[in-house]
Each structure stands twice: as structure tokens, then as C-alpha cells.
Amino acid sequence: MSHSHHNSGADDTPPDPEQLLKKEGEFWDLQEEKIESLYAKPHDWRFVPHLADIIIKPRVKTLLRILDAHKDSIRSLVDIGCGNGWFCHATAKRGIKSIGIDLSEKKIETAKRMAKEQGIDHLCEFVAGDVMQWQPSEPVDLLTSHGSLHHFPGFDDAIKHIVANHMRKDGYMLFVEPNHEGMSPEVREYLMDKAKNSWLKKHFDFEFYFEVMGQTSLDGPVREDSDTVDIRDESPAGKEFFGEHIDLDKYFCDHFDVIEKEFYHYFSSHGTNAFYVFMKSKLVRAAWRLMLPWMVRRDTKKLRDPKYSKWAEDGLWFMQQKGVRK
Ligand SMILES: C[S@@+](CC[C@H](N)C(=O)[O-])C[C@H]1O[C@@H](n2cnc3c(N)ncnc32)[C@H](O)[C@@H]1O
């Protein structure tokens with residue numbers, strides 16, 4: 001949800017790649033350091049673990065189903081921008097040799113510690129560094145990214161490089177990335193209308209909402225981009241990506257052989273931010289929590305229709321290089 005600040009100023013000079021990479025690493029280190037305080041005052045459903053579990057359940061289910069269906073051909077993987085390693089931990093539990101790489105040393109430390117705690121460290125390898133400057137000892141069967149590819153400036157070159165150097169020629173790719181920034185007009189209208197409702201207005205934490213959104217009022221301007229690392233902001237390199245407005249669904253369909261795709265979050269994620277994260281009323285929060293599993297299922301069904309899926313917040317694409325499918 002926090003992809004709200006574009007680098008759309010008058011200055012069109014591309015940022016120095018080395019500086020950008022350094023800033024990106026610092027940003028994710030800071031996020032890992034502050035994770036406890038972010039949980040304490042979460043500003044996004046992704047920082048509320050029991051809600052995040054419910055909301056991302058469908059994608060985990062799909063990931064595991066695909067892995068089970070390709071047991072014989074997928075034995076190793078590289079997870080690009082693995083963060084705290086949760087994706088690798090899940091795949092290692094399926095017996096897959098899982099390598100995670102991330103710019104943030106702090107996240108890599110966490111990933112290693114968690115693998116040990118879960119007794120799967122013999123199936124996991126975690127590397128701190130830039131995935132573009134690194135090479136696995138042998139090409140892997142599957143490349144994954146959970147929300148990381150969109151942090152690569154020069155996306156097209158980056159993905160071609162990674163596919164050519166990290167993956168077996170007839171290997172697979174499974175990427176979960178943002179599909180559309182922000183909400184559909186229908187959802188926005190509904191939420192704006194609700195926000196202006198006098199009863200809800202009393203219970204909605206507008207002050208906090210504006211602080212997080214960088215807005216001054218409900219219809220007010222978004223604050224200017226600043227150079228400081230703001231943990232509530234999209235990451236430095238992520239901003240560059242959204243500045244380019246890449247349509248990932250189109251990109252993947254044009255460049256790869258898409259075996260299957262699935263879309264997530266039409267109403268449930270935006271609604272969760274509105275009715276849970278920024279809501280002061282315990283009653284509304286409790287009601288939302290009870291309804292959430294149903295909302296998520298309703299979203300998943302709705303998103304099979306392209307009329308809705310074009311507004312989906314995230315997508316999952318399972319793919320191979322063109323021309324290699326048997
Ligand atoms: C949105 S986070 C996703 C983390 C993780 N996959 C998850 O689902 O929690 C994006 C991650 O990409 C990493 N990243 C960005 N650019 C990278 C690069 N060039 N090489 C390696 N990791 C990178 C960042 O450090 C960050 O941890």
C-alpha cells in the first residue's frame with residue numbers, strides 16, 4: 001500500500017546506481033532493526049502478523065501446490081531479495097535446496113537464525129549482497145521473488161541477467177510482485193465515502209493515517225519526496241520502479257511463457273488498512289477480523305475476472321522461458 005510516492009519531479013537524471021544500491025541496503029537494514037516497533041504501531045496490514053497470515057494464505061497455498069506438482073523437476077531454487085528468508089524456509093520444508101540472497105545483512109542474519117531455529121539450515125543457504133554481482137555455483141531449477149523484483153532499477157536488464165546466469169535453461173520462475181498500485185476507483189470511492197461518515201469519522205485515526213500517507217488532509221496534497229530514509233515509505237529503488245510504471249502482467253506475458261497466474265487483494269487488503277489498521281474502535285476491528293477470511297476468499301474469486309484483476313494489488317506468475325516447454 002505504501003507505493004504512494006513517485007520520483008516524478010522535474011529532475012529526470014537517473015540516480016547513480018551505486019548510491020541507489022547503498023541506500024536500498026540501508027533502508028532494509030533499518031526496517032529489520034525497527035521491525036519490533038513497526039509491529040508495536042503497525043501502519044500497514046503487512047506488519048500485523050495474524051492479519052498478514054490470513055491475507056497471504058492464498059498465495060502460500062498456490063506456491064505449495066505448484067511445488068508439489070513439480071516435485072521431480074524442482075529440487076533447487078534461488079530466492080531473489082529473500083528478506084528474512086520466510087519463502088526459503090517454506091520451500092526448504094518441502095525438501096528443496098533453497099538459496100536466498102539479499103542486500104540487507106541484517107535480514108540475512110535473521111534468515112540464518114530462523115532456519116536454524118526451524119531445523120532446516122542444512123537445506124538453506126543465505127547470502128548478503130547484490131544479486132546482480134553474484135553467481136550460484138550451478139544454475140538452479142527455480143527462481144523466485146516475493147516482492148523484490150520491483151526494487152530493481154533497470155528492471156528489464158536485471159531480469160534478463162538473472163534468468164541467464166542463475167537459472168537452468170528449462171527452469172521455472174515463480175514471482176509474486178505488485179500488479180497495480182493503489183486501489184480501484186470502486187474501492188476508493190467506497191472507502192472515501194465511509195471515511196466521511198460521521199460515526200466512522202469519530203473512530204478513524206485520521207492523524208495517524210495522514211502521517212503514514214504523507215497527506216495533509218483527506219483530499220490534501222501528498223508531501224514532497226525527501227531524501228531521508230523514511231521507514232514508512234516505499235524503498236529508494238522501489239520508488240524508481242514505480243516511477244517507470246511498469247505493467248508487470250504485460251511484461252511477463254510478452255517475455256515469458258506464463259504457465260499460470262493468479263491475482264490477489266481487491267478489497268481485503270485496502271479494507272484491512274482502513275477498518276483495522278487506522279481504526280480506533282475495537283468493535284469495528286473485531287468485526288473486520290471475523291469477516292477477513294471470507295473477504296479474502298471473495299477477493300480471490302472476484303479476481304479471476306480481468307475486469308477486477310487489472311486492479312489487483314499483487315500477482316503471482318509461474319513461468320518458463322519461451323520455447324522450452326515440453
Ligand atoms: C519488499 S522486500 C521483500 C523481502 C522478502 N522477499 C519478503 O517477502 O519478505 C525487498 C527486498 O529486496 C532486497 N533487494 C533489493 N535490491 C536487491 C539487490 N540488488 N540484490 C539483492 N537484494 C535486493 C531488499 O534488500 C529487500 O529485502
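Scope of the values below: all heavy atoms of this structure, side chains included, with no hydrogens, waters or symmetry mates. In each ligand, atom 1 is the first atom listed, and ligand 1 is the first ligand listed.
- When Gly147, Gly81, Ser145, Ala128 are ranked by how near their heavy atoms come to atom 5 (C) of ligand 1, first place goes to Gly81.
- Aromatic rings of Phe155 and Tyr251 (six-membered ring for Trp) have centroids within the 6.0 Å cut-off, being under it.
- The protein heavy-atom contact nearest to atom 20 (N) of ligand 1 is Val131 N, 3.0 Å.
- Between Tyr172 and Phe318, the two ring planes are parallel [angle under 30°; tilted spans 30° to 60°].
- The closest approach between any non-hydrogen atom of Phe152 and ligand 1 is below 4.0 Å.
- Each of the atoms 18 (C), 19 (N), 20 (N) of ligand 1 lies under 4.0 Å from some heavy atom of Asp130.
- When only non-hydrogen protein atoms are considered, atom 24 (C) of ligand 1 lies nearest to Trp28 CD1, 3.2 Å.
- Of the charged side-chain nitrogens involved, at least one lies within less than 4.0 Å of a carboxylate oxygen, so that Glu117 and Arg113 count as a salt-bridged pair.
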Should Tyr266 and Glu186 be marked as a side chain to side chain donor-acceptor pair (under 3.5 Å) after you check the CA-CA gap, both sets of side-chain angles, and the distance that decides it?
CA-CA 10 Å; Tyr266 182 70; Glu186 184 195 43; 2.3 Å; yes
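- The closest approach between any non-hydrogen atom of Trp134 and ligand 1 is not below 4.0 Å.
- Contacts between Trp86 and ligand 1, counted as non-hydrogen atom pairs separated by less than 4.0 Å, involve the side chain only.
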Glu189/Lys194 under salt bridge (charged side-chain N to carboxylate O under 4.0 Å, His left out): CA gap, chis, key distance, verdict:
CA-CA 9 Å; Glu189 224 162 86; Lys194 282 279 167 284; over 6 Å; no
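- Each of Tyr308, Trp311, Trp45 was evaluated against His265; a single residue qualifies, Trp45, per the ring pair (Phe, Tyr, Trp, His ring centres under 6.0 Å) test.
- Not a single heavy atom of Met132 sits closer than 4.0 Å to an atom of ligand 1.
- With hydrogens and angles left out, the side-chain atoms of Glu207 and Tyr209 include no donor and acceptor closer than 3.5 Å.
- Heavy-atom proximity to His146, at under 4.0 Å, picks out these atoms of ligand 1: 3 (C), 5 (C), 6 (N), 7 (C), 8 (O).
- In the vicinity of Lys107, heavy-atom distances shorter than 4.0 Å reach the ligand 1 atoms 27 (O).
- Close contacts of ligand 1 with Cys82, meaning ligand atoms under 4.0 Å from a residue heavy atom, involve 5 (C), 6 (N).
- Heavy-atom proximity to Gly129, at under 4.0 Å, picks out these atoms of ligand 1: 20 (N), 21 (C).
- When each of Asp79, Ile80, Asn84 is tested with Cys82 by the rule side chain to side chain contact (heavy atoms under 4.5 Å, CB included), just one qualifies, namely Asp79.
- Where the criterion is an N or O separation shorter than 3.5 Å, residue side chain and backbone included, Glu24 fails it with respect to ligand 1.
- In terms of N/O distances under 3.5 Å, ligand 1 is approached by Asp102.
- Of all protein heavy atoms, the one lying nearest to atom 23 (C) of ligand 1 is Leu103 CG, 3.6 Å.
- Atom 10 (C) of ligand 1 has as its closest protein heavy atom Ser148 OG, 3.4 Å.
- Checking Phe175, Trp317, Phe87 one by one against His146, the ring pair (Phe, Tyr, Trp, His ring centres under 6.0 Å) holds for a single residue, Phe87.
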Does the salt bridge (charged side-chain N to carboxylate O under 4.0 Å, His left out) test come out yes or no for Arg168 and Asp170, once each step is laid out?
CA-CA 6 Å; Arg168 206 181 78 199; Asp170 58 345; 2.7 Å; yes
